[in-house]
Trainee: 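Can you read through this structure? Questions will come right after.
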There are 2 protein chains.
Amino acid sequence: MAHITLGPGSEFDLVRALLARWGTLAEGTGDDAAIVDVPAGEKLVVSTDSSVEFVHFKREWLTAQEIGYRAAASAVSDLAAMGATPLGMTVAMTLPDAWRPQALELADGMAELARATGMRIIGGDLTSGATLTITVTVLGAARSEQLLRRDGAVAGQVVFVTGRFGGPGAAVRALSRDETPAAEHRQRFAHPVPRIREAIWLAAEGATAAVDCSDGLVADAAHLAAASDRRLVLDLDQLTLVDGVTEVEGASSGEEYELVVTGPASLDTDRFAREFGVPLTAVGRVEIAPATGPDVIVLYDGRVITPPTGHDHFRT
Amino acid sequence: MAHITLGPGSEFDLVRALLARWGTLAEGTGDDAAIVDVPAGEKLVVSTDSSVEFVHFKREWLTAQEIGYRAAASAVSDLAAMGATPLGMTVAMTLPDAWRPQALELADGMAELARATGMRIIGGDLTSGATLTITVTVLGAARSEQLLRRDGAVAGQVVFVTGRFGGPGAAVRALSRDETPAAEHRQRFAHPVPRIREAIWLAAEGATAAVDCSDGLVADAAHLAAASDRRLVLDLDQLTLVDGVTEVEGASSGEEYELVVTGPASLDTDRFAREFGVPLTAVGRVEIAPATGPDVIVLYDGRVITPPTGHDHFRT
């Protein structure tokens, strides 16, 4: 179906320009709402995520395309954390006048992520306003038995993580000091890759629970432990890191968009690495919940340490 | 299912407070994404809508509960415009520090709308930031043949509108002059009612196209006409108005959230009014698109007039 024709007005001119830029990615938009087919026998999976200037990013740190890409990637990463296959996304954007010249570049970043994950851009809302805000709502689908729920951890499982940790945290530390981050760190910060295919593979291989690391490994592991009513014991000495960061930095770096997964010890980490070109690393185990004490125990250099904290927008 | 337990942190404390306030309305939230059942044989219908302080509302004009209610109502109205039955909504909110004391009141307004339309609040994202922004994404479902598409108008149909026009525009005019709006006008502005049940009834009775009046009757009729490649002829003398406004004011008042519908002349407007307690009014007809000339012809006092314009966030 072609784009539905929009009416007159300068707001619609900008919408038209965005739709033209997205081309076939956004076919069918323009009605009051988008119409989506959910595969028969599958559950719909929905998540929404906002990226706000000055809170989630600074204009000087990223190109407009990277800002658009990251806004979409952070939302799509929630589908990965459920083991869902993406169906489509909606984009609500508050676009201040100062950002209007970059509108198409922002759109290019969203399109880059949409193409990379096989999604369509099925609708949106464009408004003026004082602060650049991009809210992406993602829709996916999965069979019920393949969902990686946050409350699905089972005592005796191994805790795995995808990817190499510490890049986004190191990049932000450098940028905050007006230094140029290492190329690998900047790439991990500016161009996170939602682990969609990896999650579907892990679910098929017997993983039962997952979260994505948006707040930092230890912080997100604590969410999974609390939801599952289990204790997670994490050994930071096992963590796979980017170059030039410590284990503690790696475990507290936010916006990694890697997955923390619980599954059988038999998961074939070598095959995973060959298949996807990123490591899958066993970093801990799931235990029954203690009567008292923390949900997460962190080991480092053979000792129990105070868990490094994650990112919290509302910490004062 | 109970709420999934959230981890520690002040952001999560506020999320917990919101979830507690919503109670059973928000049961099942807390995972990376929400899981939704779409009824077998039905299409998923999705729309997203942002409400931004200083753009869509002013704090002095509305209570926090009304702001929360309206943000959700404007999104749900898009489901009505499709003839869809609501399934659930996600809420992404940027909450400046100055608004934090009103967070639960905002939540109460969203809950009021959710209860009134039989929806659950299935997920969300809460962030700090400089400008109060509420982005609501709504999910609904409908059988394909019952969808009221914007491009579904057929030459020979009658154009109907639900409700009484002009209230929100009159309220905003008064508020902009620091005057107290008439009670009826304020109520129509502060408490719009998405026409969900009405739309499902209209689709069942043979209506084929609809839009909701967020930009104003004539402006939204133009969108429908353009999408359908038909001409709409509207006779403002037929329009049902709130007290104290002119026909031209009623036809250009934005944020009405009434429906413009095309359907057979036989639609029983009396039965509609008895069933729903709001009028259904024939205000025009659908014609074949002209080779040249406007998509919408507006008659007033027996003459063709220049169409009143609607609301456009990006008009400069």
Trainee: Against chain B, label A:Val38 side chain, backbone, both or neither, depending on which of its atoms sit under 4.5 Å from a heavy atom there.
Mentor: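 Only the side chain of A:Val38 comes within 4.5 Å of chain B.
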
Trainee: Check the side chains of B:Glu255 and B:Ser214 for a donor-acceptor pair under 3.5 angstrom, ignoring hydrogens and angles.
Mentor: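 Looking only at side-chain atoms, B:Glu255 and B:Ser214 do not form any donor-acceptor pair under 3.5 Å.
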
Trainee: Heavy-atom cut-off 4.5 Å, strictly under: side chain, backbone, both or neither for A:Leu224 against chain B?
Mentor: neither

Trainee: Go through B:Leu79, B:Leu139, B:Ile35, B:Val45 and name the one with the most non-hydrogen pairs under 4.5 angstrom from chain A.
Mentor: B:Ile35

Trainee: NE2/B:His56 to OG/B:Ser74 distance, rounded to the nearest 0.5 angstrom?
Mentor: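 Answer rounded to 0.5 Å: 7.5 Å.
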
Trainee: Side chain, backbone, both or neither: which part of A:Asp212 has a non-hydrogen atom closer than 4.5 Å to chain B?
Mentor: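 Both the backbone and the side chain of A:Asp212 come within 4.5 Å of chain B.
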
Trainee: Shorter than 4.5 Å, heavy atoms on both sides: which option in B:Asp78, B:Val52, B:Thr133 has the most such pairs with chain A?
Mentor: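 That would be B:Asp78.
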
Trainee: Does any heavy atom of chain B fall under 4.5 Å from the side chain of A:Ser50, the backbone, both, or neither of them?
Mentor: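 Both backbone and side chain.
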
Trainee: With a 4.5 angstrom heavy-atom cut-off, which part of A:Ala210 approaches chain B: side chain, backbone, both or neither?
Mentor: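 Only the backbone of A:Ala210 comes within 4.5 Å of chain B.
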
Trainee: What residue in B:Leu148, B:Thr131, B:Ile122 has the most heavy-atom pairs under 4.5 Å with chain A?
Mentor: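 With the most close heavy-atom pairs to chain A, the winner is B:Thr131.
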
Trainee: State plainly whether the residues B:Glu53 and B:Arg59 are in salt-bridge range, i.e. N to O under 4.0 Å.
Mentor: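 Judged by the 4.0 Å cut-off on N to carboxylate O distance, B:Glu53 and B:Arg59 do not form a salt bridge.
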
Trainee: Hey, what do you get for CG (A:Leu106) to CG (A:Leu95), rounding to the nearest 0.5 Å?
Mentor: 7.0 Å

Trainee: Considering only heavy atoms, which portion of A:Val211 lies under 4.5 Å from any heavy atom of chain B: side chain, backbone, both, or neither?
Mentor: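 Answer is both: backbone and side chain atoms of A:Val211 are under 4.5 Å from chain B.
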
Trainee: May I have the list of side-chain donor-acceptor pairs in residues 84-94 of chain A shorter than 3.5 Å, sequence neighbours left out?
Mentor:
none

Trainee: Sort out for me which of A:Ala40, A:Ala80, A:Gly124 touches chain B most, counting heavy-atom pairs under 4.5 Å.
Mentor: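 The answer is A:Gly124.
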
Trainee: Below 4.0 angstrom, N of the basic side chain to O of the carboxylate: do B:Arg16 and B:Asp13 qualify?
Mentor: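 Salt bridge: yes.
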
Trainee: With no hydrogens and no angle check, just 3.5 Å: does a side-chain donor-acceptor pair link B:Glu258 and B:Thr162?
Mentor: yes

